[in-house]
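Please read these numbers as outputs of a predicted model, since none were measured by experiment. Position 1 is the first residue of the sequence; numbering continues from there. Every number for a ligand or one of its atoms is a count from 1 in the order of the listing.
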Amino acid sequence: MSENNVMIRLRGISKDYGEGDARVEVLKGLDLEVNKGEMLAIVGPSGVGKSTLLHLVGLLDRANGGLVELDGQDTDALNGSERARLRNKMLGFVFQHHHLLDELDARDNVALPMRIAGRPATQARQEAEALLDTVGLSARLTHFPDQLSGGEQQRVAVARALVMRPQLLLADEPTGNLDRAASDGVFRLIRDLHTEESLTSVIVTHNEEMAGQCDRVFKLAPAGELSGYV
Ligand SMILES: Nc1ncnc2c1ncn2[C@@H]1O[C@H](COP(=O)(O)OP(=O)(O)O)[C@@H](O)[C@H]1O
Ligand SMILES: [Mg+2]
């Protein structure tokens with residue numbers, strides 16, 4: 001497969017936290033590649049470093065060593081504001097907790113990334129409404145987060161992640177807080193949008209059924225043990 005088919009390339013990534021006796025080595029010499037258009041599941045025991053890995057790919061944190069390339073670009077060479085701009089333009093995030101702002105309604109939560117990017121309020125709201133329609137919440141535009149169910153809150157979070165039309169969707173246990181029915185619905189939504197929006201997606205999940213519905217599964221092992229595709 002040629003170089004430009006790779007959206008995410010990690011090479012020899014190491015990441016540790018803390019100093020001296022408190023030092024914890026989380027990732028050590030990790031290699032990972034995700035092709036454009038691929039939906040990759042990341043699985044592994046709690047505390048193994050799945051969120052850490054996603055934060056590195058999402059430019060929310062920097063590795064102690066190794067290469068993080070996004071669409072052929074060496075992200076380590078970028079400064080803080082360049083990384084922030086790339087994040088806003090190219091990446092969408094969904095976390096286990098929705099992280100919606102309580103004081104904004106659904107539409108303004110979804111519009112927020114566009115406002116941060118400097119787009120006019122009317123355009124941002126229009127885009128937000130379109131996205132909320134896509135996730136099945138056109139009747140919830142002016143509901144505040146505490147007026148929505150857990151599944152609805154996560155749908156708003158998915159809409160917010162996609163409002164800037166990112167190439168890359170990163171989701172960290174996006175259904176971890178939901179009951180079975182809501183969980184299935186949110187996962188199906190992510191999978192459908194992955195296809196419709198031609199995304200490259202990385203989904204951390206403990207749910208084997210969901211992992212099995214992704215194109216490939218990468219099992220993260222403790223530092224020093226072998227991680228790889230399963
Ligand atoms: N900011 C931090 N400071 C110190 N240790 C951390 C920090 N973030 C994560 N860790 C540690 O790194 C390890 C991996 O954490 P994490 O990536 O959250 O695992 P997972 O998402 O697989 O459950 C854990 O041992 C955790 O305690
Ligand atoms: Mg985690």
Side-chain angles (χ1 to χ4, degrees), residues 8-34 38-70 75-76 80 83-84 87 91-100 150-151 153-155 157-158 160-161 166 168-180 182-184 186-187 189-191 194 199-230:
I8 302 169
R9 174 179 284 116
L10 304 185
R11 277 284 173 273
I13 290 293
S14 58
K15 177 68 184 173
D16 40 58
Y17 292 109
E19 302 284 328
D21 286 349
R23 188 176 153 106
V24 186
E25 200 172 35
V26 181
L27 304 175
K28 189 177 176 184
L30 183 78
D31 297 329
L32 172 71
E33 263 173 30
V34 188
E38 187 172 31
M39 187 169 189
L40 180 77
I42 294 185
V43 300
S46 186
V48 79
K50 302 181 298 298
S51 296
T52 298
L53 173 59
L54 222 53
H55 289 166
L56 295 176
V57 173
L59 311 182
L60 293 169
D61 199 0
R62 285 184 188 265
N64 298 99
L67 178 77
V68 178
E69 254 182 38
L70 296 182
T75 61
D76 205 40
R83 286 162 67 90
R87 206 158 55 225
L91 292 156
F93 279 96
V94 180
F95 300 94
Q96 182 169 354
H97 179 73
H98 57 73
H99 292 298
L100 299 173
Q153 290 165 346
Q154 257 335 36
R155 284 169 181 272
V158 171
R160 179 186 53 186
L168 190 49
L169 178 67
L170 304 176
D172 195 353
E173 303 191 42
T175 66
N177 283 344
L178 304 177
D179 65 29
R180 177 67 198 259
S183 173
D184 287 351
V186 167
F187 182 76
L189 174 71
I190 289 174
R191 209 188 46 195
H194 166 83
L199 297 166
T200 303
S201 302
V202 181
I203 318 289
V204 171
T205 181
H206 281 295
N207 185 314
E208 285 183 14
E209 212 179 305
M210 287 176 192
Q213 291 181 49
C214 294
D215 298 320
R216 280 199 295 173
V217 180
F218 185 87
K219 187 166 188 184
L220 191 60
E225 295 176 30
L226 199 60
S227 298
Y229 303 95
V230 290

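Classification of Arg216 and Glu33 as a salt-bridged pair fails, no side-chain N sitting under 4.0 Å from a carboxylate O. Asp31 and Arg9 are not joined by a salt bridge, as no carboxylate oxygen comes within less than 4.0 angstrom of a charged side-chain nitrogen. At a threshold of 4.0 Å, the pair Arg62-Asp76 counts as salt-bridged, since one of the basic side-chain nitrogens sits closer than that to a carboxylate oxygen. Using a cut-off of 4.0 Å between Lys/Arg side-chain N and Asp/Glu carboxylate O, Glu69 and Arg11 are scored as not salt-bridged.
Between the side chains of Ser51 and Asp172, a donor-acceptor pair is found at a separation under 3.5 Å.
For residue Ser51, an N/O/S atom approaches the Mg ion (ligand 2) to within less than 2.8 Å.
Phe95 and Phe93 have parallel rings, their planes meeting at less than 30° on a 0 to 90° scale where 60° marks the start of perpendicular.
Using a 4.0 Å heavy-atom criterion, the residues that approach ligand 1 are Tyr17, Val26, Pro45, Ser46, Gly47, Val48, Gly49, Lys50, Ser51, Thr52.
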